[in-house]
Asks: 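Below is the structure I would like to discuss, written out as structure tokens.
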There are 2 protein chains.
Amino acid sequence: MTLGQRLRELRKSRGLSLRELASRVSVGFTYLSKIENHKLEEGHGPSEKLIHMLAVELDGDEEELLLLAEKVPEPIRRRVIARPDAFRRLAELSDRKLDRVLASLD
Amino acid sequence: MTLGQRLRELRKSRGLSLRELASRVSVGFTYLSKIENHKLEEGHGPSEKLIHMLAVELDGDEEELLLLAEKVPEPIRRRVIARPDAFRRLAELSDRKLDRVLASLD
DNA sequence: TAGATTGTTGCACTGAGTAGTCAACATATC
DNA sequence: GATATGTTGACTACTCAGTGCAACAATCTA
């Protein structure tokens with residue numbers, strides 16, 4: 001699942017056209033088209049501000065969208081900065097070990 | 001401990017002047033001075049590239065410097081993007097719970 | 001005590017990179 | 001055949017990391 005795919009899903013499910021949504025988030029509709037079709041050359045993704053507005057307008061999960069855009073959401077960022085000792089170690093864990101940690105949380 | 005303080009420590013301990021270090025990392029020495037004294041207006045921090053070069057030149061811990069600059073180091077970022085499910089949950093943990101998770105890793 | 005070396009700070013500026021635009025076209029719908 | 005929709009490539013505008021200078025203060029050293 002890419003950011004573009006998810007945005008298109010959300011937009012369609014809300015019955016919005018590109019032009020309609022674009023005007024609500026104050027960008028050109030052609031730009032949204034490119035995002036949905038990932039026609040933006042490598043690294044030229046939408047800004048966090050735009051993703052925020054899209055999340056609001058589409059009533060979607062902002063963190064999910066940010067992560068799909070390969071950006072670290074602010075709440076997670078703050079935690080990483082606050083506890084670098086913890087997150088440096090956690091980031092080194094394999095998927096398997098990470099799964100075990102998650103399981104132990106329940 | 002701020003980025004500026006840490007950089008100054010490292011630079012002094014290597015016996016380098018601002019001008020010397022600046023020329024090695026290819027920036028103006030006044031810019032380094034501003035970084036060390038956090039005289040850069042909010043949000044205008046040094047680039048990750050510069051921090052990288054400083055880490056190399058001062059033989060410091062790049063991740064430590066990035067974290068002090070409140071930037072998420074690339075290895076951690078990659079892990080967060082790869083396992084958003086895990087890191088969204090981990091980021092919500094209190095310091096206490098995070099400590100318990102860490103302890104359980106040994 | 002003068003000259004070299006180092007660091008501080010304000011301010012106006014620049015250049016690169018990237019977020020976003022615009023015109024033109026295609027396709028579908030009614 | 002108008003009206004609404006989406007696609008694409010070339011272009012532009014803005015942000016911001018970093019510059020460069022000027023004027024100054026504090027050491028050090030010969």
Side-chain angles (χ1 to χ4, degrees), chain A residues 2-58 62 65-74 77, chain B residues 2-58 60 62 65-74 77 81:
Chain A
T2 71
L3 174 67
Q5 287 166 355
R6 187 75 186 107
L7 284 174
R8 175 147 291 184
E9 270 181 14
L10 288 168
R11 180 172 64 81
K12 291 286 189 192
S13 80
R14 298 332 185 234
L16 294 170
S17 70
L18 280 177
R19 283 169 174 83
E20 175 59 23
L21 177 58
S23 95
R24 293 199 195 175
V25 298
S26 310
V27 296
F29 69 96
T30 62
Y31 188 47
L32 289 188
S33 171
K34 282 168 200 168
I35 294 170
E36 290 189 355
N37 296 288
H38 19 337
K39 292 293 173 184
L40 299 178
E41 25 211 283
E42 199 56 45
H44 290 231
S47 67
E48 302 198 17
K49 187 167 154 248
L50 177 52
I51 291 176
H52 169 74
M53 296 180 77
L54 287 168
V56 169
E57 215 52 56
L58 295 170
E62 179 169 358
L65 296 180
L66 283 169
L67 288 162
L68 286 171
E70 310 216 340
K71 296 178 194 292
V72 177
E74 193 47 30
R77 215 189 115 266
Chain B
T2 70
L3 174 66
Q5 286 166 355
R6 187 74 187 110
L7 284 174
R8 173 147 294 182
E9 270 182 14
L10 288 168
R11 180 172 64 80
K12 291 287 188 192
S13 80
R14 298 330 186 237
L16 294 170
S17 70
L18 279 177
R19 285 169 175 83
E20 175 60 24
L21 178 57
S23 94
R24 293 200 196 175
V25 299
S26 310
V27 296
F29 72 96
T30 63
Y31 189 49
L32 286 190
S33 172
K34 284 165 197 168
I35 293 170
E36 290 190 355
N37 297 287
H38 20 334
K39 291 294 173 185
L40 299 179
E41 24 211 286
E42 199 55 46
H44 290 234
S47 68
E48 302 197 17
K49 186 167 155 246
L50 176 53
I51 291 177
H52 169 74
M53 295 178 77
L54 287 168
V56 169
E57 214 54 55
L58 295 170
E62 179 169 359
L65 296 180
L66 284 169
L67 288 162
L68 286 171
E70 310 215 340
K71 296 179 194 292
V72 177
E74 194 47 31
R77 216 190 113 265
I81 301 303

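Every chain is numbered from 1, with letters handed out A, B, ... down the list of sequences. Please read these numbers as outputs of a predicted model, since none were measured by experiment.
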Asks: Between C:dA19, C:dT8, D:dG18, which nucleotide has the shortest distance from any of its atoms to the side chain of A:His44?
Replies: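 Among C:dA19, C:dT8, D:dG18, the one nearest the side chain of A:His44 is C:dA19.
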Asks: Please state how far atom OH in A:Tyr31 lies from atom P in D:dT8, giving the value in whole angstrom units.
Replies: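 Those two atoms, OH and P, are 16 Å apart.
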Asks: Tell me whether A:Glu20 contacts the main-chain N or O of A:Ser17 through its side chain, where contact means a donor paired with an acceptor under 3.5 Å.
Replies: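 No, A:Glu20 side chain to A:Ser17 backbone: no donor-acceptor pair under 3.5 Å.
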Asks: Please report, rounded to the nearest Å, how far the C1' atom of D:dC24 is from the CG atom of B:Asn37.
Replies: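 So the two atoms are 15 Å apart, to the nearest Å.
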Asks: How many Å lie between CZ on B:Phe29 and C1' on D:dG20, as a whole number?
Replies: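 That distance rounds to 9 Å.
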Asks: Could you work out which one of C:dT8, C:dG20, D:dT7 sits closest to the side chain of A:Val27?
Replies: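 Closest of the options to the side chain of A:Val27: C:dG20.
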Asks: So which heavy atom on A:Thr2 is nearest to which on A:Leu68, and how close?
Replies: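 For A:Thr2 and A:Leu68, the tightest heavy-atom pair comes out as O-CD1, 4.1 Å.
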Asks: Determine whether a donor-acceptor pair (one donor, one acceptor, N or O, separation below 3.5 Å) exists between the side chain of A:Lys34 and the base of D:dG9.
Replies: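 Answer is yes: a donor-acceptor pair is held.
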Asks: Taking only side-chain nitrogens and oxygens of B:Ser33, does any of them come within less than 4.0 Å of OP1 or OP2 of C:dG7?
Replies: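 The answer is no; no side-chain N or O of B:Ser33 sits under 4.0 Å from OP1 or OP2.
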Asks: Of the listed nucleotides (D:dG18, C:dA19, C:dT8), which one gets closest to any side-chain atom of A:Ser47?
Replies: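 Ranking D:dG18, C:dA19, C:dT8 by closest atom to the A:Ser47 side chain puts C:dA19 first.
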Asks: Checking the side chain of A:Arg77 only, and the main-chain atoms of B:Glu70 only, is there a donor and an acceptor separated by less than 3.5 Å?
Replies: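 Present.
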Asks: To the side chain of A:Lys39, which of D:dT7, D:dA22, D:dT8 is closest?
Replies: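 It is D:dT8.
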Asks: Go through it in stages, so that I can follow the logic: the residues are A:Leu54 and A:Leu10, the test is side-chain contact (heavy atoms from CB on, under 4.5 Å), and I'd like the CA-CA distance, side-chain angles, deciding distance and then a yes or no.
Replies: CA-CA 10 Å; A:Leu54 287 168; A:Leu10 288 168; over 6 Å; no
Asks: Of all heavy-atom pairs between B:Phe29 and B:Arg19, which one has the smallest distance, and what is that distance?
Replies: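 Taking B:Phe29 first and B:Arg19 second, the nearest heavy atoms are CZ-NH2, 3.3 Å.
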Asks: Using whole Å, report how far CD of A:Glu48 lies from C1' of C:dA19.
Replies: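 The distance from CD of A:Glu48 to C1' of C:dA19 comes to 13 Å, rounded to the nearest Å.
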Asks: For B:Leu40, answer base if it contacts any base atom (sugar-phosphate contacts may also be present), sugar-phosphate if it contacts only those atoms, and nothing otherwise; contact means non-hydrogen atoms under 4.0 Å.
Replies: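 Since no nucleic acid heavy atom lies under 4.0 Å of B:Leu40, the category is nothing.
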Asks: For B:Leu3 and D:dA17, give me the distance from atom CG to atom P, rounded to whole Å.
Replies: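 Between P of D:dA17 and CG of B:Leu3: 13 Å.
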Asks: I'd like to know if the side chain of B:Arg24 and the backbone of B:Leu58 have a donor-acceptor N/O pair within less than 3.5 Å.
Replies: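 Answer holds: no.
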Asks: Find the distance B:Leu32:CG to C:dT9:P and express it as a whole number of Å.
Replies: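 So the CG-P distance, B:Leu32 to C:dT9, works out to 14 Å.
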Asks: Looking at DNA chain C, which of residues 6-19 of chain A put a heavy atom within less than 4.0 Å of it?
Replies: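 Contacting residues: none.
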Asks: For A:Glu42 and C:dG17, give me the distance from atom CD to atom C1', rounded to whole Å.
Replies: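 After rounding, the reported distance stands at 14 Å.
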Asks: Take A:Leu7 and A:Leu32 through the side-chain contact (heavy atoms from CB on, under 4.5 Å) test and state the conclusion after the steps.
Replies: CA-CA 9 Å; A:Leu7 284 174; A:Leu32 289 188; 6.0 Å; no
Asks: Nearest whole angstrom, please: distance from the C1' of C:dC11 to the CD of B:Glu41.
Replies: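 Value for this atom pair: 10 Å.
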